[in-house]
Number of protein chains: 2
Amino acid sequence: MTTVYDTHTSEVTIKAKLAKAASPKLSLLSTGQKNAALLRMAEALVQEASSIIAANALDLQRGRENGISVSLLDRLALNESRIAAMAEGLRQVVELPDPIGDVLEAFDRPNGLSIRKVRVPLGVIGMIYEARPNVTVDAAGLCLKTGNAVVLRGGSSALESNKRIVEVLHEALRETDVPVDALQLVLDPSRASAQEMLKLNGLLDVLIPRGGASLIQNVVKNASVPVIETGSGICHTFIDDSAKPEMALQIAINAKVQRPSVCNSMETLLVHKSFAERHLEMILHQFAQQNVELRGDEQARRIFPGMNEATDQDWDTEYNDYILNVRIVDGLDEALAHIAAHGTMHSECIVTENADHAARFLNEVDAAAVYHNASTRFTDGFEFGFGAEIGISTQKLHVRGPMGLPALTSSKYCVVGNGQIRG
Amino acid sequence: MTTVYDTHTSEVTIKAKLAKAASPKLSLLSTGQKNAALLRMAEALVQEASSIIAANALDLQRGRENGISVSLLDRLALNESRIAAMAEGLRQVVELPDPIGDVLEAFDRPNGLSIRKVRVPLGVIGMIYEARPNVTVDAAGLCLKTGNAVVLRGGSSALESNKRIVEVLHEALRETDVPVDALQLVLDPSRASAQEMLKLNGLLDVLIPRGGASLIQNVVKNASVPVIETGSGICHTFIDDSAKPEMALQIAINAKVQRPSVCNSMETLLVHKSFAERHLEMILHQFAQQNVELRGDEQARRIFPGMNEATDQDWDTEYNDYILNVRIVDGLDEALAHIAAHGTMHSECIVTENADHAARFLNEVDAAAVYHNASTRFTDGFEFGFGAEIGISTQKLHVRGPMGLPALTSSKYCVVGNGQIRG
């Protein structure tokens with residue numbers, strides 16, 4: 001199918017239509033055909049690394065001219081080893097089992113009808129994301145493996161990189177059984193192109209936003225296409241009275257500083273008041289040594305006077321940075337109430353030696369992942385053993401927590417009879 | 001918790017907040033506690049039947065004054081046997097297995113983390129529906145059994161009936177462990193109250209619309225709360241060349257006339273041209289005898305001249321009535337293309353003795369339920385053996401097809417360690 005632009009239809013709609021037209025053929029490919037395409041894509045990325053790096057240099061130059069931050073420039077930058085890592089990611093997707101065609105249930109009815117529930121692709125997935133060009137490759141690979149066509153709408157700051165990457169992937173797909181139109185990149189980086197995607201019911205089956213809170217909230221609030229909400233994480237660690245001090249310290253430090261920029265890192269430390277009397281000073285001293293800025297409630301500041309006062313807003317802020325809120329609580333109930341009021345249902349942890357408290361915490365906290373005596377940083381597709389993930393869902397519908405390949409599938413009932421009619 | 005109305009907050013928001021506040025307690029009740037409440041609700045409905053019928057009489061009177069149709073009045077009308085049937089529906093929900101707490105997956109990681117994926121309630125479900133008062137009872141029962149609070153927003157024509165039903169159910173719940181606030185009925189029948197529900201992110205976890213196409217499309221297009229789309233069905237039956245004529249006749253007639261008003265009934269009959277030459281006249285004669293108005297394409301009208309011409313719009317219309325479109329196709333590919341262009345991904349059927357054609361149809365048609373040699377009328381929770389259903393999902397996310405109790409649940413990961421941190 002060739003991309004003919006008519007003058008009345010937008011780029012986004014045209015590309016979504018092309019993706020939808022390619023979707024039935026893609027959905028019927030065998031695992032072998034899809035894996036062959038993934039391997040060819042991986043090879044092509046490595047072969048074309050220099051042209052991708054050249055395109056990336058244009059993005060980096062424009063980024064520097066526009067004064068974007070050093071950390072953003074770092075996320076944007078590609079080099080040979082990063083491109084090799086993207087290719088390796090595709091090869092890892094080859095190794096994952098193909099969920100399409102799995103029979104999820106099979107049963108016969110008394111009237112002789114034989115019913116199978118079979119896993120099928122979602123159809124066409126819309127991805128709206130920000131600067132990282134590796135999302136382009138990850139999303140293309142995961143969608144292809146699950147038989148889904150995909151419309152990618154990356155951030156303007158990575159436009160040249162994404163363009164060249166998709167050109168390379170298209171060239172690779174031409175040598176395979178995968179229809180090239182199954183992979184679409186929106187070139188219009190305007191806000192209007194993203195807004196248009198939100199309303200493409202009938203062309204897009206689902207939207208997956210990845211990026212900062214404002215991008216995700218825009219999609220959640222304005223999309224009529226079904227959305228899988230990802231990402232936002234205000235995660236807590238509650239250190240109970242009976243916690244082992246050294247374990248509590250290690251888990252809390254890891255949850256905050258091992259990688260503060262990600263959604264499963266801790267923003268607020270809740271500490272039982274008697275544990276706090278005995279050990280909070282030691283723990284906060286360690287945080288300060290790791291250059292974490294501390295913001296505490298009144299009781300915490302009495303124990304560790306160096307820190308600032310946490311404002312009402314702080315308890316509801318996802319810092320993704322070396323900043324931590326600290327609150328002293330009377331016990332489990334107050335910790336549970338704080339998490340219910342301020343958490344984003346992502347990842348929550350209790351450190352305790354009290355089995356009843358652990359059971360209550362696991363049972364009563366409403367979140368995608370609830371931990372007893374382990375760091376919240378484990379909420380991740382690889383850490384759970386699912387392989388590459390397309391995001392971490394913080395909604396309750398369809399999928400919750402790390403999204404492996406099955407999260408990109410739907411199901412259908414195949415019903416076989418020999419003339420049954422309903423009485 | 002008492003219902004205190006402040007002057008600045010709407011009824012809908014207040015009731016959603018009360019439901020959300022009740023949700024944690026409800027989510028932790030045992031199966032026995034929930035079943036006891038369901039049985040008490042069933043008893044109360046029967047005991048209070050006369051007051052419910054009296055309230056229903058007010059709705060019927062207003063309906064007649066407003067000139068609503070006889071069929072709508074029939075759907076609205078309650079009598080002792082219909083109330084007994086609603087109570088019996090609640091008792092059947094008691095018999096269904098409780099999905100909450102089911103361990104869906106359990107595995108250990110090499111680092112010693114033990115991970116369980118556990119079924120949990122969705123939280124608070126918003127139901128927006130039309131005239132039938134039995135939906136009020138069905139939804140209350142199914143949501144309660146799955147530990148979900150519910151905010152019901154029924155149609156204005158059933159307001160008095162719904163009010164009295166919910167009063168009766170509230171009285172019943174007061175004698176049980178279920179928090180009364182878990183069941184909320186919105187009394188404001190204005191369009192504004194429904195529109196407000198669509199935007200209650202953070203209070204409602206999901207919206208389920210039930211009713212006509214315009215109600216459902218309004219919810220799908222305007223909600224920022226996640227939606228489970230139900231209902232709309234333009235279903236096809238394709239009679240292939242090799243179909244047994246008597247079986248094809250029985251399946252087609254059943255799919256159309258056994259209950260034309262429902263979403264899984266057939267709207268369009270597709271017939272292979274050589275089968276049509278041999279048998280279409282016989283089949284359409286039977287439809288005409290059943291008072292079905294026929295609308296055909298040119299070829300069909302040549303064979304059965306009595307019928308009107310089908311317009312372009314007819315192929316995309318859900319009649320829910322004694323009207324049928326008829327189209328002659330060259331073969332399987334044309335049938336598949338027609339279904340892809342005009343179907344609503346609900347229920348689609350092929351009648352054939354050709355195993356390859358059956359396999360292709362089951363594989364290639366993108367719909368919630370795909371049939372070989374059986375009537376589309378079987379797409380139904382009871383017929384599939386799931387028990388009572390809250391609707392039939394025609395979307396691909398979360399649940400597709402008849403929605404039994406598991407469709408009203410989410411999951412969470414419970415992760416137990418002994419001090420694990422991420423390296």
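Labels below follow one simple rule: chain letters A, B, ... track the order of the sequence lines, proteins then strands, and each chain is numbered from 1. Values below: all heavy atoms of this structure, side chains included; hydrogens, waters and symmetry mates excluded.
Both the backbone and the side chain of V220(B) have a heavy atom closer than 4.5 Å to some heavy atom of chain A. With a threshold of 4.5 angstrom between heavy atoms, V370(A) approaches chain B through its backbone and through its side chain. With a 4.5 Å cut-off on non-hydrogen atoms, R116(A) touches chain B through its side chain but not through its backbone. Looking at N264(B), the atoms closer than 4.5 Å to chain A (heavy atoms on both sides) all sit in the side chain, from C-beta outward. With a 4.5 Å cut-off on non-hydrogen atoms, A367(B) touches chain A through its backbone but not through its side chain. For a residue to count as touching a neighbouring chain, one of its non-hydrogen atoms must lie under 4.5 Å from one of that chain's; by this rule I115(B) touches chain A with the side chain only.
Applying the salt bridge (charged side-chain N to carboxylate O under 4.0 Å, His left out) criterion to R119(B), with sequence neighbours excluded, gives no partner residue. Under the salt bridge (charged side-chain N to carboxylate O under 4.0 Å, His left out) criterion, D366(B) pairs with K396(B), R400(B), not counting sequence neighbours.
In this structure the side chain of S347(A) never reaches within 4.5 angstrom of the side chain of Y413(B), judged on heavy atoms. In this structure, F378(A) and N111(B) have side chains that are in contact, with non-hydrogen atoms separated by less than 4.5 Å. Considering only heavy atoms from C-beta on, C414(B) stays 4.5 Å or farther from Y371(A) through its side chain.
Note that the CD atom of E348(B) and the NZ atom of K412(A) stand 10.5 Å from one another [nearest 0.5 Å]. Atom OG in S411(A) sits 11.0 Å away from atom NE2 in H398(B) (nearest 0.5 Å). Separation of atoms CE (M247(A)) and CD (Q420(B)) is listed at 8.0 Å; rounding is to 0.5 Å.
Contacts classified as side chain to side chain donor-acceptor pair (under 3.5 Å) and involving residues 219-230 of chain A (residues at least two apart or in different chains) are given here: N201(A)-S224(A), Q217(A)-E229(A), N218(A)-N222(A).
Contact count against chain A (heavy-atom pairs under 4.5 Å) is highest for N418(B) among V206(B), N418(B), V120(B). Options R109(A), H372(A), R259(A), E246(A) differ in how many heavy-atom pairs under 4.5 Å they form with chain B, and the most are formed by R109(A). Most heavy-atom pairs under 4.5 Å with chain B, from the set A368(A), A340(A), A248(A): that is A368(A). Highest contact tally toward chain A, considering only T409(B), L113(B), T376(B), T379(B), is held by L113(B) [criterion: heavy-atom pairs under 4.5 Å]. Contacts with chain A were tallied for G385(B), S27(B), G123(B); G385(B) has the most, counting heavy-atom pairs under 4.5 Å.
Without hydrogens or angle criteria, Q258(B) side chain to G423(A) main chain gives a donor-acceptor distance under 3.5 Å.
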Just do the side-chain contact (heavy atoms from CB on, under 4.5 Å) check on I251(B) and I421(A) with the steps written out, would you?
CA-CA 6 Å; I251(B) 287 174; I421(A) 60 172; 4.2 Å; yes

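Chain B is approached within less than 4.5 Å, heavy atom to heavy atom, by L362(A), N363(A), E364(A), V365(A) from residues 349-365 of chain A, ordered by number.
Here R422(B) pairs with E383(A) in a salt bridge; the nearest charged N to carboxylate O distance falls below 4.0 Å.
With L397(A) as the partner, the side-chain contact (heavy atoms from CB on, under 4.5 Å) test is satisfied by one option alone out of D205(B), L122(B), V399(B), V227(B): L122(B).
Residue K244(A) places its NZ atom among 12 or fewer non-hydrogen atoms of other residues, nucleotides or ligands, all under 6.0 Å distant.
In this structure, F384(B) and F107(A) have perpendicular ring planes: the angle between them is above 60°, well past the 30° mark.
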